[in-house]
Amino acid sequence: MRPFTYERAESAAGAAKSAAEAPGARFLAGGTNLLDLMKLEIERPTHLIDVGRLPLAEIEETADGGLRIGAMATNTAAASDLRVRTRYPVLTHALVAGASAQLRNKATVGGNLMQRTRCGYFYDASKPCNKREPGAGCSALEGGGRGFAILGASEACVAVSPSDMAVALSALAASVETVTPAGTVRTIPIDEVHRLPGDTPQIETNLEPGELVTAVVLPPPPEGRQEYRKVRDRASYAGGLFSLALAGERMALGAVALKPWRATKAEAARAAGASGAEAAEAELADARGLGGNDFKITLARRVIAAALEEGMDR
């Protein structure tokens, strides 16, 4: 056990300020990801800031007809809320597709957004990993695994984002509210929260050090159908090999990159009258595999084409 100090936050602004002032600090909410990483000594925080009791769990109507979901709302609470189920079914389906019922009962919306990759090499402290130790190298490049990125990867990292929820939020054009260490509140479009690896895979988001997520804001529900499709090895408690979120004319892909992947090329092709197969080809033109995950390109192509063509039939 590595020693660390503990603090129970009394306000969101206070938590952000404390995190910025204490090197090595981490926020603790549901703990379903952080505590596992601490046990494996992947995360070694020197200071834990417990934000789990902050009054940030409400799900509220917004003035424009959308919803504001507090960061401390559990995944179960968000998925089962009647307004989410009826107006944003793609979000409910994505949340239910993630993890197990027990984890969803504990995990929070804010924590879901900030969770770290499930790459096996990231979790194995005996293997080099640029996310754990910048400059060490990426073991996954030679690992031949099945789940690695096919879009937006780099020579520094080929891991993928594990969040189903974030994929649905991208398709819904959601935004994320945060509070900075200076106490200011800002709103960030969901597609600008996470980063692709580039040369700095250890920097996973565009949030400032210490910045705390306080809510997710959904705009009014889009016209048209909403759907979430996920392909995985098992029907429960298994990470996705590929996922697709549709919300009106917007589309996002999951398990293909280190962030939710907005399928803008497929959206444009679809708007121009392309078939589902043609839209899939447009989106995946730059997809690249590592050998063991080459099948994901074919899988993604087929799922996208089938989802879009079924929509056209409807």
Side-chain angles (χ1 to χ4, degrees), residues 7-19 26-34 48-99 101-115 163-190 192-193 205 207-208 210-222 226 228 245 247 260:
E7 172 187 353
R8 181 174 293 175
E10 297 183 357
S11 69
K17 185 174 184 293
S18 293
R26 293 291 185 272
F27 295 122
L28 175 67
T32 58
N33 186 212
L34 177 61
L48 288 184
I49 303 170
D50 188 344
V51 296
R53 288 178 170 81
L54 294 180
L56 299 172
E58 293 297 317
I59 302 177
E60 305 166 306
E61 299 278 351
T62 61
D64 64 354
L67 283 181
R68 183 180 185 276
I69 304 175
M72 293 304 118
T74 66
N75 288 0
T76 295
S80 60
D81 186 273
L82 182 61
R83 295 162 294 183
V84 176
R85 289 165 50 198
T86 55
R87 290 152 55 181
Y88 306 96
V90 64
L91 179 55
T92 287
H93 295 163
L95 285 165
V96 172
Q102 293 92 333
L103 286 173
R104 293 194 298 270
N105 287 343
K106 188 66 175 175
T108 64
V109 166
N112 189 314
L113 278 179
M114 295 295 105
Q115 66 182 306
S163 176
D164 290 283
M165 182 190 75
V167 181
L169 293 178
S170 179
L172 288 167
S175 58
V176 176
E177 287 185 1
T178 68
V179 61
T180 70
T184 59
V185 175
R186 67 171 181 152
T187 301
I188 311 167
I190 182 66
E192 297 177 13
V193 171
T205 74
L207 272 59
E208 300 176 17
E211 191 167 3
L212 175 66
V213 173
T214 54
V216 168
V217 181
L218 300 172
Q226 297 182 32
Y228 191 74

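Residues take their numbers from the sequence shown, with the count starting at 1.
The distance from atom CD1 of I59 to atom OG of S80, rounded to the nearest 0.5 Å, is 7.0 Å. Here R186 contributes atom CZ and S175 contributes atom OG; the two are 12.0 Å apart, rounded to the nearest 0.5 Å. How far CG of D81 is from CG of L91: 10.0 Å, rounded to the nearest 0.5 Å. One finds the OH atom of Y88 at 14.0 Å from the CG atom of L95 (value rounded to the nearest 0.5 Å). Once rounded to the nearest 0.5 Å, the distance linking CG of L103 with OG1 of T74 reads 12.0 Å. To the nearest 0.5 Å, atom CD1 of residue I69 and atom CE of residue M72 are 13.0 Å apart.
Across A168 and A245, no two heavy atoms sit closer than the pair CA-CB, 3.9 Å. Shown here for A19 and F27, the closest heavy-atom pair between the two residues is CB-CZ, 3.5 Å. Between E7 and S18 the shortest heavy-atom distance is OE2-OG, 3.0 Å. Taking both residues in full, the closest heavy atoms of R104 and G98 are given as NH1-O, 3.0 Å, listed atom of the first, atom of the second, then distance. Contact between A15 and V51 at its shortest, heavy atoms only, is CB-CG1, 3.9 Å. Taking both residues in full, the closest heavy atoms of V109 and N75 are given as N-OD1, 3.7 Å, listed atom of the first, atom of the second, then distance.
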### Query
side-chain contact (heavy atoms from CB on, under 4.5 Å) between R87 and T92: does it pass, once the steps are laid out?
CA-CA 10 Å; R87 290 152 55 181; T92 287; over 6 Å; no

### Message
Run the side-chain contact (heavy atoms from CB on, under 4.5 Å) test on L218 and T62 for me, step by step, so that the C-alpha distance in whole Å, both residues' side-chain angles and the decisive distance to 0.1 Å come before the verdict.
### Response
CA-CA 9 Å; L218 300 172; T62 61; over 6 Å; no

### Task
Please lay out, stage by stage, how V176 and L113 fare under the test side-chain contact (heavy atoms from CB on, under 4.5 Å).
CA-CA 9 Å; V176 176; L113 278 179; 3.8 Å; yes

### Working for side-chain contact (heavy atoms from CB on, under 4.5 Å), residues L212 and T178
CA-CA 5 Å; L212 175 66; T178 68; over 6 Å; no

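In terms of modelled atom types and a separation under 3.5 Å, the side chain of T76 and the main chain of N105 share a donor-acceptor contact. The backbone N or O of N112 sits less than 3.5 Å from a side-chain atom of Q115, completing a donor-acceptor pair.
Ion pairing between a basic and an acidic side chain is recognised when a charged N comes within 4.0 Å of a carboxylate O; R68 and E177 show such pairing. Look at R83 and E60 and you find no salt bridge, because none of the NZ, NE, NH1 or NH2 atoms lies under 4.0 Å from a carboxylate O.
Between M114 and V193 the shortest side-chain heavy-atom distance falls below 4.5 Å. You'll find the side chain of P222 reaches within 4.5 Å of the side chain of L172, heavy atoms only. Contact of the L28 side chain with the I49 side chain is not registered, since no non-hydrogen atoms from C-beta on lie closer than 4.5 Å.
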